[in-house]
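Quick caveat: nothing in here was measured; it's all calculated off a predicted structure. Just so we're on the same page: letters track the sequence lines, and every chain starts at 1.
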Amino acid sequence: MDHIPASLTRTPESAQDAVLIQWEMRKYVRINDDFGTVKMIAGIDVGYDLQSNTSKAALVIMDIDRLMPLETVIATDPTPFPYIPGLLSFREAPVIIKALEQVKKKPDMIFIDGQGIAHPRGLGIASHIGILTGYPSIGVAKSVLCGNYKEPGEKKGQSSHLIYKGNKIGTALRSRDNVKPLFISPGHKISHESAVDFVQKCLTRYRLPEPTRIADKLSKFADKNI
DNA sequence: GCGACAG
DNA sequence: ATCTTGTCGC
């Protein structure tokens with residue numbers, strides 16, 4: 001959708017090739033706010049069925065004000081790539097793109113499970129999806145891939161910077177009292193500040209923001225029979 | 001070389 | 001991610 005060389009959408013022939021694609025793709029990442037009014041947010045998560053070797057992407061479109069689902073989509077595909085830290089995109093992006101192509105409503109913003117720019121090469125899965133689709137995106141991760149941070153205060157809303165090689169790459173955010181922090185980083189077309197704002201607007205009584213929490217449930221329990 | 005390591 | 005039971009804490 002966005003104007004990037006078609007060769008960057010290729011299936012990597014090896015892990016080394018995948019890394020080359022990431023170095024090239026990172027040039028297109030933008031972390032300045034570039035979106036209009038945000039009414040609908042998409043939460044996306046991927047689950048696996050080890051027996052059939054299939055991946056299942058669950059996508060939910062939520063109204064940002066009511067935090068209620070407006071539409072859901074489930075897409076499945078044979079799992080295409082092994083899990084290699086730093087190369088998660090090549091395992092999950094294809095089936096996620098498939099789900100985004102099937103959804104009827106067009107989201108204004110998408111939350112992806114995993115890192116945005118908080119990645120060794122600045123291209124976590126949220127950035128990867130943002131570049132491929134043109135959608136503004138945010139990485140919502142439950143743990144760190146790279147970088148260091150000071151433990152944020154124990155109260156919901158308290159945060160600290162995630163730093164890597166001297167630069168801020170994300171935010172450690174306490175999403176509710178006394179739980180492990182979430183790691184928020186810009187995926188594409190959004191700033192650190194706005195990324196955290198949108199996640200906070202979607203927090204209720206759980207650790208995960210609603211779009212992510214619902215997508216997570218769907219990826220695990222919906223269509224249990226792939 | 002050693003340890004770390006999203007989902 | 002997924003495999004798995006009970007259990008501690010708000």
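- Annotation for A:Lys217: atom NZ does not count as buried by contact number, only 12 or fewer foreign heavy atoms lying within 6.0 Å.
- Between A:Cys202 and A:Ile41 the shortest heavy-atom distance is SG-CD1, 3.9 Å.
- Here the rule is salt bridge (charged side-chain N to carboxylate O under 4.0 Å, His left out) with A:Glu154, and of A:Arg176, A:Arg174, A:Lys180 only A:Arg174 fits it.
- Rounded to whole Å, the distance from CG on A:Leu50 to P on C:dT4 is 10 Å.
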Please encode protein proximity along nucleotides 2-7 of chain B as a string of B, S and -, counting only heavy-atom distances under 4.0 Å. ---BBB
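- The distance between atom CG of A:Asn178 and atom P of C:dC8, rounded to the nearest whole Å, is 18 Å.
- Sequence order on DNA chain C of the closest nucleotides to A:Asp216 and A:Arg176 puts A:Asp216 first from the 5' end.
- The number of heavy atoms from other shown groups lying within 6.0 Å of CG (A:Asp65) is above 12.
- Salt bridge annotation for A:Arg213-A:Glu210: present, with a cationic side-chain nitrogen under 4.0 angstrom from a carboxylate oxygen.
- Of all heavy-atom pairs between A:Ile129 and A:Ile110, the closest is CG2-CD1, 3.7 Å.
- Using a 4.0 Å cut-off between charged side-chain N and carboxylate O, A:Lys155 and A:Asp177 make a salt bridge.
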Intra- and interstrand pairs of DNA chain B - dot-bracket, Watson-Crick/G-U under 3.5 Å, | marks other strand: .......
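- Below 30°, between 30° and 60°, or above 60°: for A:Phe81 and A:Phe90 the angle between ring planes is between 30° and 60°, a tilted geometry.
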